[in-house]
2 protein chains.
Amino acid sequence: GSAKPMKSDVKLVGEILSKPPIVAPISITIEEASKILIKNNINHLPIVDEFGRLVGIITSWDIAKAIAQNKTSIEEIMTRNVVTTTVNEPVDVVARKMDKYNISGVPVVDKNNKVVGMVTSEDLSKLVGYTIKW
Amino acid sequence: GSAKPMKSDVKLVGEILSKPPIVAPISITIEEASKILIKNNINHLPIVDEFGRLVGIITSWDIAKAIAQNKTSIEEIMTRNVVTTTVNEPVDVVARKMDKYNISGVPVVDKNNKVVGMVTSEDLSKLVGYTIKW
Ligand SMILES: C[S@@+](CC[C@H](N)C(=O)[O-])C[C@H]1O[C@@H](n2cnc3c(N)ncnc32)[C@H](O)[C@@H]1O
C-alpha cells in the first residue's frame, strides 16, 4: 500500500539544533581541518569570515577528495556554493533539500548569513529513531 | 508538549535498501579507498574478506583521521568492531543504534555475515523528508 504519512510533533530546524556550531577560518590547512573534524567527532566544518559569516564548507568527504585527487589546500577542496537552512525551516523541507543536493549536512544561518548551527542527516535520522511509532 | 509519535508505513531496513553495497578488500591503500569513496559519492566503505564477509569499515571520517594522525595504512585507520543490521530490523531500531554509537552508517549483513547492503543516516533522513505529514 502507499506509505501512510508519518505525523511528528518536531517541526522546525530550530527545535533539533543541539550543539553550538564548530566553524573555522579559511586560513586553516587540510591537516588542521582534519584535526578539528576528528577532535569534535564531526563530518561538516563551515568556513567563515572574520565576522562569522559563511563562506564555504569542508567535510570529511572533501578530505578524502584531497587524498584521491592530490589536492593540498583548503581552497582547492572546499565547497563555496553552500546549501543552507534557517531555524524556522521545517525539518521535512531541509530533509528534502539535503536529498535533492545529495548532501548530508547544511549550516543554519541567520539573516546576516552568520552561522548559528549545523543540521546533519544524523540529526534527522534521530527523529526516525525516537518519534516513530507503529 | 511531548512529541506526538510519527506513524510510518516504511518499517524494515530491507524496504529502504537502494543500491547494491560497494565494498573493498583489506588490501587497498588509503588513496584507493579515498578514490572509491569519491567515485561513488559515499562515506562508508565496508571491508570484506574473499568470501564477501564483513571484516571492518572505512569512512571518510577515517580518511580525515589518517591525515590528522599521520597514519598511512588501512589497517591503522579501519574500524574492525562493526555495528551491523539485517534486512528485517525495523528502521527505528537501526536509527537508535546509529545514535547510540554515534555512527552514520551500518552495513546490512546476512546470517553468514556477508554484506548485502548499507544503511546510512542519509537513507533514514529521506524518510523524514518524504513520509512526514503535519
Ligand atoms: C564515531 S563516528 C564519529 C563521526 C560521525 N558520527 C560519523 O559517523 O562519521 C566515526 C567512526 O565511526 C566508525 N564507524 C562508522 N560506521 C561504523 C559501524 N557501522 N560500526 C562501527 N563503527 C563505525 C568509523 O570507522 C569512524 O572511525
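Chain letters run A, B, ... following the sequence lines, proteins first, then strands; residues in each count from 1.
- With a threshold of 4.5 angstrom between heavy atoms, A:Ile103 approaches chain B through N, CA, C or O but not through any side-chain atom.
- Within the 4.5 angstrom heavy-atom criterion, no atom of A:Glu32 approaches chain B.
- Within the 4.5 Å cutoff, no side-chain heavy atoms of B:Thr84 are placed close to those of B:Val106.
- Among the candidates B:Ile36, B:Asn70, B:Ile30, B:Asn43, the residue making the largest number of heavy-atom pairs closer than 4.5 Å to chain A is B:Asn43.
- Among the candidates B:Ala33, B:Ala95, B:Ala66, B:Ala68, the residue making the largest number of heavy-atom pairs closer than 4.5 Å to chain A is B:Ala68.
- For the pair B:Asp62 and B:Met78, the minimum side-chain heavy-atom distance is 4.5 Å or more.
- For chain B, the nearby part of A:Lys126 is the side chain; its heavy atoms alone come within less than 4.5 Å.
- Between the side chain of A:Arg96 and the main chain of B:Gly129, a donor-acceptor pair closer than 3.5 Å is present.
- Contact of A:Asp123 with chain B is not made at all, since no heavy-atom distance falls under 4.5 Å.
- Residues A:Ile16 and A:Leu124 meet the side-chain proximity criterion, which asks for heavy atoms closer than 4.5 Å.
- Under the 4.5 Å side-chain criterion, counting only non-hydrogen atoms from C-beta, A:Ile47 is in contact with A:Ile28.
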